[in-house]
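For reference, the structure is listed below as structure tokens.
Convention: sequence-line order gives letters A, B, ...; per-chain numbering from 1. Below, all heavy atoms of this structure are taken into account, side chains as well, without hydrogens, waters or symmetry copies.
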Protein chains: 4
Amino acid sequence: MGHEPARPAVSRHHGNRHGRSERARQAVLEAADDLVAAKGFAGVTMEEIASSAGVAKQTVYRWWSSKTDVLMDAFLQDAAEHLTPADTGDLDRDLRVHLRQLADFLSHSDPGAVFKALIGHAQHDQTFAAAFRARFLDEQRQRDRLPLDRAVQRGQISADLDVAAELDQMVGPIFYRVLVTGESVDADFTDHLVDGFFSRRPSTPPA
Amino acid sequence: MGHEPARPAVSRHHGNRHGRSERARQAVLEAADDLVAAKGFAGVTMEEIASSAGVAKQTVYRWWSSKTDVLMDAFLQDAAEHLTPADTGDLDRDLRVHLRQLADFLSHSDPGAVFKALIGHAQHDQTFAAAFRARFLDEQRQRDRLPLDRAVQRGQISADLDVAAELDQMVGPIFYRVLVTGESVDADFTDHLVDGFFSRRPSTPPA
Amino acid sequence: MGHEPARPAVSRHHGNRHGRSERARQAVLEAADDLVAAKGFAGVTMEEIASSAGVAKQTVYRWWSSKTDVLMDAFLQDAAEHLTPADTGDLDRDLRVHLRQLADFLSHSDPGAVFKALIGHAQHDQTFAAAFRARFLDEQRQRDRLPLDRAVQRGQISADLDVAAELDQMVGPIFYRVLVTGESVDADFTDHLVDGFFSRRPSTPPA
Amino acid sequence: MGHEPARPAVSRHHGNRHGRSERARQAVLEAADDLVAAKGFAGVTMEEIASSAGVAKQTVYRWWSSKTDVLMDAFLQDAAEHLTPADTGDLDRDLRVHLRQLADFLSHSDPGAVFKALIGHAQHDQTFAAAFRARFLDEQRQRDRLPLDRAVQRGQISADLDVAAELDQMVGPIFYRVLVTGESVDADFTDHLVDGFFSRRPSTPPA
DNA sequence: TATTAAACGAGACGGTACGTCCAGTCTTAGC
DNA sequence: GCTAAGACTGGACGTACCGTCTCGTTTAATA
């Protein structure tokens, strides 16, 4: 990214009495982003994040407790926007667009790569897993279900639908392919998932 | 575990001209299994695997290149048996049993914990990811589709079924819950997935 | 040795911005001295130096590049004092005392043992040999010739004496016995060397 | 050297019941010589000696106990010839030639380099030092004193001469320069030593 | 205006584990 | 019985990061 490759002419910040340096915070998050994109999760170290950000190691540790903590913050800062489903009033269309967006995010974007790294780390760190769910996954799940919730509100689909279960059946296969099998996830695949959703409730034709 | 806690009376092996020591190989794999169960993935080190196995560190490195390489071997040795679907001739029943088994394996078993750790590691190591797929996931996927393949052969379900896609829609949500949301996966959930499979093809009623 | 066996009450040093820890430096040098005296050159390892000094291995490597580098520093710190010739104004006496001192240092003292080890190492490491000469031997040679230089200045002996060559004929045999033949070097032997020196210039009787 | 870089067409020796393989013995000693000349003492390993000699490591250990043991044997095999003083009946001449030969051997020859390495090792291994003296140095010292002994026998010099002490005063400075100061030792220097010897006994002019 | 305390840079520190290297031992099969 | 081959134990090597700590500087709110 652009990330102001040359530090601004603004005189360097050296701390002050009330509160942290915003400059340092941004520099750390951007360095973390850049590094994980360039060298992958395992290739990033706290020491390099600090030196790339032009910041003392202690400053990183003052505000974040670990590499994954930094990466989670960096991820949160620019991830949500990619994953908010649109609302056109047309459930079928909204679902298809959203699933394609999700698949593309996971498969091809830089923050998607960070996301996979964080999910990976969560597999061997329960504490981190809980934090990641609390700070990102729960919200993301709320966003994912928005199209279905709105369709229920509009009366387009039955109110006694188990929204969470249906959602899992649609997004689950995408995550499965990305995290487990490593196959690419194209529009045919995501559209097929939407087809499956509608075919499970024949009484409510798509529009 | 069984893992013969006391070494057998057989005299110690010190190398010979015709290949590696089977005793050392088993000891390493068992030590790795035990350690990862006891202290989790991150708590295991090559040094401790070696010393627990009563083996020199160099002997571990002679045959495996990294901790994950050892764990993959250890996992392969006792994992496949847990995940082979039965064949009763009844597709509905076979699917339900298999998915419950899969969910239980992932959620509650020791090798399931190792599996999650390995999948986690695969998220930040492309080389390992490829190796893990080649040595385990591809075969597992063959096993997963056995019930459907057999039903096709028996003429129970249409021959033009996209078996891979249907499979992803059934197992995907399970992996999603285990790896991403961390929710428990009970029989209701897996049965619901089977229901969904059949409801997508009304012309072929179960039984 | 003195080596302040109990660490001073001063609180532990953990690094600061103004360079290295003097405490760590001293502890390493003392540990090296003690270990080489206790177990000989070959029995000393960097790891044990570090742990004996209560210091991290990396701290040793930060400031010294090898075991011999540490030992050279340790040797320099307490060696020079043993080898500075006295100045009584009496050449004959000064020479005899100095050669006895040199022989005793090489044969019986702890730093003498370190010296022999370092000279030994210099035989198979040219880089170290050059460093050892630059940091110790050249200066020692200056000290060795002091008695002769002073006698020349006093007019006691001819000004056209080849001081370096005469010196080699006196100290050379001592080093030869210590390093090569391993024989003991007693006062008779060193006195005989001084006799030889004077007998080579009969016109200048020893006072 | 020739050292049969390609193994000869002669069928390889694989052991027999009639004592050790002379072929293996020679190959090991030659490999050791070549390696120490090519890479220095520290760069030689038992493993490389064995593989360079086309011999199993165990075969080396069967006949020699350590690297220095091999090198000592290799050295002994071709060293003595360089260091035997001639006998022309002329003491002055014999001494000058022998000291020059000694200086040249130590300073410039390949076996001289091995010699220095072995003397170096002797500084930190008492056991080896004793062995080296027993197997080489004592004999060499006998050879060194031959010219003086013969001159005594011929009545050229006084019979009550302390031959050993005089010898040390001549060879000592050479070893001192080679082992300690690292200076070159030219003919002027060795001749000066001989001059010193004669000037210490004016009643016995050279020739 | 001077004081003061938080945040900062720099970087040395005690540690842990890494992955490599070599020494020296042992076993087996071939000649 | 000696050999080649090579797997084995054991242990030091030197490196890389970890997370902690100290030092002296910068800064802005307080006094």
Side-chain angles (χ1 to χ4, degrees), chain A residues 11-21 23-25 44-51 53-63 65-67, chain B residues 11-21 23-25 44-48 50-51 54-63 65-67, chain C residues 11-21 23-25 44-51 53-63 65-67, chain D residues 11-21 23-24 44-48 50-51 53-63 65-67:
Chain A
S11 82
R12 207 160 169 180
H13 181 285
H14 285 274
N16 65 52
R17 173 170 199 172
H18 299 291
R20 72 195 286 189
S21 161
R23 208 193 113 277
R25 195 185 135 271
V44 179
T45 68
M46 285 295 252
E47 243 146 28
E48 201 176 8
I49 289 174
S51 75
V55 143
K57 194 163 52 155
Q58 183 58 38
T59 298
V60 184
Y61 278 106
R62 194 175 349 260
W63 302 109
S65 63
S66 63
K67 175 170 81 168
Chain B
S11 79
R12 210 162 166 180
H13 183 287
H14 287 276
N16 66 50
R17 152 166 225 180
H18 298 293
R20 70 195 287 189
S21 160
R23 208 193 113 276
R25 196 186 134 269
V44 179
T45 69
M46 286 295 253
E47 247 149 24
E48 201 177 7
S51 72
V55 143
K57 192 163 55 152
Q58 183 58 42
T59 296
V60 184
Y61 278 107
R62 198 181 342 266
W63 303 109
S65 63
S66 63
K67 175 170 79 168
Chain C
S11 78
R12 210 161 166 181
H13 183 287
H14 286 276
N16 65 49
R17 97 177 279 179
H18 299 296
R20 71 195 286 188
S21 160
R23 207 193 111 276
R25 195 186 134 269
V44 178
T45 69
M46 286 294 253
E47 247 150 23
E48 201 176 8
I49 289 174
S51 72
V55 143
K57 191 162 55 153
Q58 183 58 44
T59 296
V60 184
Y61 279 107
R62 195 176 350 260
W63 301 109
S65 62
S66 63
K67 175 170 80 168
Chain D
S11 82
R12 207 161 170 180
H13 184 285
H14 284 274
N16 63 52
R17 53 185 41 182
H18 303 294
R20 77 192 280 190
S21 160
R23 207 193 114 277
V44 179
T45 68
M46 285 295 252
E47 240 142 31
E48 201 175 8
S51 74
V55 143
K57 193 163 55 155
Q58 183 57 38
T59 299
V60 184
Y61 277 106
R62 193 173 345 264
W63 302 108
S65 64
S66 64
K67 176 169 79 169

Take Trp63(C) and Arg25(C) through the test side chain to side chain contact (heavy atoms under 4.5 Å, CB included) and record every step on the way to the result. CA-CA 9 Å; Trp63(C) 301 109; Arg25(C) 195 186 134 269; over 6 Å; no
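OP1 or OP2 of dT9(F) sits under 4.0 Å from a side-chain N or O of Thr59(B). Between Trp63(A) and dA6(E) there is no side-chain polar atom (N or O) within less than 4.0 angstrom of OP1 or OP2.
Closest non-hydrogen pair, Ser21(C) versus Ala24(C), comes out as OG-N, 2.9 Å. The minimum heavy-atom distance between Val60(D) and Met46(D), with the atom names listed, is CG1-CE, 3.7 Å. Shortest non-hydrogen contact noted between Ala50(C) and Lys57(C) is CB-CA, 3.7 Å.
Mapping Lys67(A) and Val55(B) onto DNA chain F via the closest heavy atom, the residue that lands nearer the 5' end is Val55(B).
In this structure, the CZ atom of Arg62(C) is 14 Å from the P atom of dC17(F), given to the nearest Å. To the nearest angstrom, P of dC13(E) lies 12 Å from CZ of Arg25(C). In this structure, Arg23(B) atom CZ and dC26(E) atom C1' are separated by 13 Å, rounded to whole Å.
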For nucleotides 20-22 of chain E, print each protein N/O atom paired with a nucleotide N/O atom at under 3.5 Å, atom names and distance only.
from: dC21(E); atom 1: N4; to: Gln58(B); atom 2: OE1; distance (Å): 3.0

